[in-house]
Protein chains: 2
Amino acid sequence: MSDSPEDTIVAAVLDAIAEQRLPAGAKLGEQTLSDLFDCNRANVRRALASLAAQHVVELRPNRGAFVITPSPKEAQDIFQARRALERTIARHAAGNASSEDVACLRRNIVEETRARRSGDKPAELRLSRQFHMYLAGIAGNKVLERFLSELTMRTTLILGLYARSGGSHCAEDEHDRIVDALEAGDAEQLVELTDEHLRHLEAGLNFRSPKSSSNLRDQLLGTAGIRP
Amino acid sequence: MSDSPEDTIVAAVLDAIAEQRLPAGAKLGEQTLSDLFDCNRANVRRALASLAAQHVVELRPNRGAFVITPSPKEAQDIFQARRALERTIARHAAGNASSEDVACLRRNIVEETRARRSGDKPAELRLSRQFHMYLAGIAGNKVLERFLSELTMRTTLILGLYARSGGSHCAEDEHDRIVDALEAGDAEQLVELTDEHLRHLEAGLNFRSPKSSSNLRDQLLGTAGIRP
DNA sequence: TTATCAATTATTGTTAACAATAAGTGTTAA
DNA sequence: TTAACACTTATTGTTAACAATAATTGATAA
């Protein structure tokens, strides 16, 4: 069970991002991490190099490591890539899903709605991401699964920056209808629903007012809609 | 022009793989690399961590870093993923290509056939890969571009392991016809030609007799088709 | 001759100390 | 009061020495 310290750090950072505990732009100091996971700085450095290679973290020379803050253009590229990957995943998942898979996905949806209702945003984000990754697992292509893992991570950061403040970012029942199509084995519909789902998610973004977190100003003065 | 030593090493390793100078399974010793690029081992280690995160290199604890040797299943996953990515790339490239792009691609094809005719395999592989990456550049999606870059790299390793010994692995004129469709702006045909092209490439593989290079036996006794 | 074991060698992993750089703080002068 | 400057502090980058592990070689015994 005990991974190498490097893997532990990478996993912890990714988990934290997936639950929006680490916002875009957050600094990942070497000392801080080596204290936290008590290991030496060499391991921390390797972990950060890994995260940087996955484009989840940015290394600025002589400055340190920071969680990336995706630009609007990058956000667009990421959604385009997600559609390409997830359409393919959907097509292959359609023929592969067992009844346990379907049951597991439905349980996931129940938990997700519960989290949404109770206002537990971190849990909601984690579960939503888990839903998409579970589908990728059913498709059975490790390469697509890993690419999607990276993109869902970056999507979480995008949502943290550009999500429209008001409504929640997923139509209530889209995941439900996706599982319906999966259970029915209707590949074409599954593909279409997946595509639509991602388009809706993207349509819910607002690039006008990025919530520049990890900026003291916002954390002290609040994020009220008034101009500075 | 002078990158960090880490980037230099990463680029050099990737170039070497792209030209099949580094075969699957090759060992990348820390000392060797730090001597070669004269830098300290810390930089080498970070470079190897990056390459490992890209799944181009495998880190075995206490053993060192080795170029990955893709399994048949991985090869299949990689080609499936490539089709998903390159179909999308093709669709978006169709509308974006300038006449300079077309000219540049045609020049690339000329060089490629010349390399094939003269039996310069490293150049042929590099140019073929360059062709696909150039198309990705036209599509203008950095995320897809990076993913494809990783997969073409791994494809080169796959070809080194499983390419049918006889014929060359690309139908002579497929790249030509792809550029024709691109020039005509015919997105649908471009997508179909790209898909076919990748299927032909995959069909040219033979998983029965992997050329287990970086194995002294083969390098000394040759790769004659006789059973050991 | 073959197999097992011990000793040597080479390579990776870990640690700490030091240097270089950037950021923050306080002082001084206009 | 403000701006520029020097100084202090914190953080990253580099290096070398040492420990731990694996591979190789040679020796010994069946």
Side-chain angles (χ1 to χ4, degrees), chain A residues 1-13 16 22-23 25-69 212-217 219-220, chain B residues 1-13 16 22-69 212-220:
Chain A
M1 208 63 188
S2 72
D3 263 342
S4 75
E6 184 196 320
D7 293 340
T8 310
I9 296 174
V10 170
V13 170
L22 269 179
K27 166 144 200 193
L28 302 172
E30 297 186 358
Q31 186 90 326
T32 313
L33 290 174
S34 67
D35 288 352
L36 218 54
F37 295 95
D38 78 347
C39 60
N40 49 31
R41 275 173 56 210
N43 285 315
V44 172
R45 267 155 157 271
R46 271 162 54 119
L48 292 175
S50 270
L51 290 166
Q54 294 176 53
H55 283 61
V56 169
V57 152
E58 187 188 0
L59 295 179
R60 295 185 219 160
N62 288 319
R63 302 287 306 286
F66 301 82
V67 176
I68 56 154
T69 77
S212 63
S213 35
S214 91
N215 190 341
L216 248 197
R217 200 178 112 325
Q219 297 176 4
L220 293 177
Chain B
M1 208 61 186
S2 70
D3 264 342
S4 76
E6 184 198 319
D7 293 340
T8 310
I9 296 173
V10 170
V13 170
L22 269 179
K27 166 144 199 190
L28 303 171
E30 298 188 358
Q31 187 89 330
T32 312
L33 290 174
S34 67
D35 288 352
L36 218 54
F37 295 95
D38 81 343
C39 59
N40 49 29
R41 274 173 58 211
N43 284 316
V44 172
R45 268 154 160 271
R46 273 163 48 120
L48 292 176
S50 269
L51 290 166
Q54 293 175 54
H55 284 62
V56 170
V57 152
E58 185 187 3
L59 295 178
R60 296 184 219 160
N62 289 318
R63 301 287 306 285
F66 301 82
V67 177
I68 56 155
T69 79
S212 63
S213 35
S214 91
N215 190 342
L216 249 196
R217 202 179 109 328
D218 298 343
Q219 297 176 6
L220 291 178

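It should be emphasised that the depicted structure is a prediction, and the values quoted were computed from it without experimental measurement. Just so we're on the same page: letters track the sequence lines, and every chain starts at 1. Side chains are part of it too, since the values below use all heavy atoms of this structure and drop only hydrogens, waters and symmetry mates.
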Q) Taking CZ from Arg45(B) and C1' from dT11(C), how many angstroms apart are they, rounded to a whole number? A) 10 Å
Q. Atom CG of Leu33(B) to atom P of dA10(C): distance rounded to whole Å?
A. 18 Å
Q) Looking only at side-chain N and O atoms, does Asn43(A) come under 4.0 Å of OP1 or OP2 in dT14(C)? A) yes
Q.
Can you measure Glu30(A) atom CD to dT21(C) atom C1' for me and round it to whole angstrom units?
A. 13 Å
(Q) To check you understand the geometry: which heavy-atom pair defines the closest contact between Ser34(A) and Arg41(A), and what is its length? (A) OG-CG, 4.1 Å
Q. Are any of the side-chain heavy atoms of Ile9(A) and Cys39(A) separated by less than 4.5 Å?
A. yes
Q | Nearest non-hydrogen partners of Phe66(B) and Gly25(B), listed with the distance | A | CD2-O, 3.7 Å
Q: Check whether any side-chain heavy atom of Thr32(A) sits under 4.5 Å from a side-chain heavy atom of Asp35(A), and report yes or no.
A: no
Q. How long is the line joining CZ of Arg60(B) and P of dA23(D), in whole Å?
A. 10 Å
(Q) For a quick test of reading the model: is some side-chain N or O of Asn40(A) closer than 4.0 Å to OP1 or OP2 of dT15(C)? (A) yes
Q) Are any of Arg63(B)'s side-chain N or O atoms less than 4.0 Å away from OP1 or OP2 of dT12(C)? A) no
Q) Rounding to a whole Å, what distance do you find between Leu59(A):CG and dT11(D):P? A) 17 Å
Q. Side chain of Asn43(A), backbone of Arg46(A): donor and acceptor closer than 3.5 Å?
A. no
Q) Considering only heavy atoms and no angle criterion, is a donor-acceptor pair shorter than 3.5 Å present between the side chain of Arg41(B) and the base of dG13(C)? A) yes
Q: Give the rounded distance in Å between these two atoms: CD of Gln31(A) and P of dT21(C).
A: 20 Å
Q) Starting at the 5' end of DNA chain C and moving along, which residue's nearest nucleotide shows up first, Pro61(A) or Pro61(B)? A) Pro61(B)
Q: Looking only at side-chain atoms of Lys27(A), point me to the closest of dT12(C), dT12(D), dT15(D).
A: dT12(D)
Q: Could you tell me the separation between the CG atom of Asp35(A) and the C1' atom of dT15(C), rounded to a whole number of Å?
A: 15 Å
Q: Mind checking Asn62(A) for me? I need base, sugar-phosphate or nothing, with any heavy atom below 4.0 Å counting as a touch.
A: sugar-phosphate
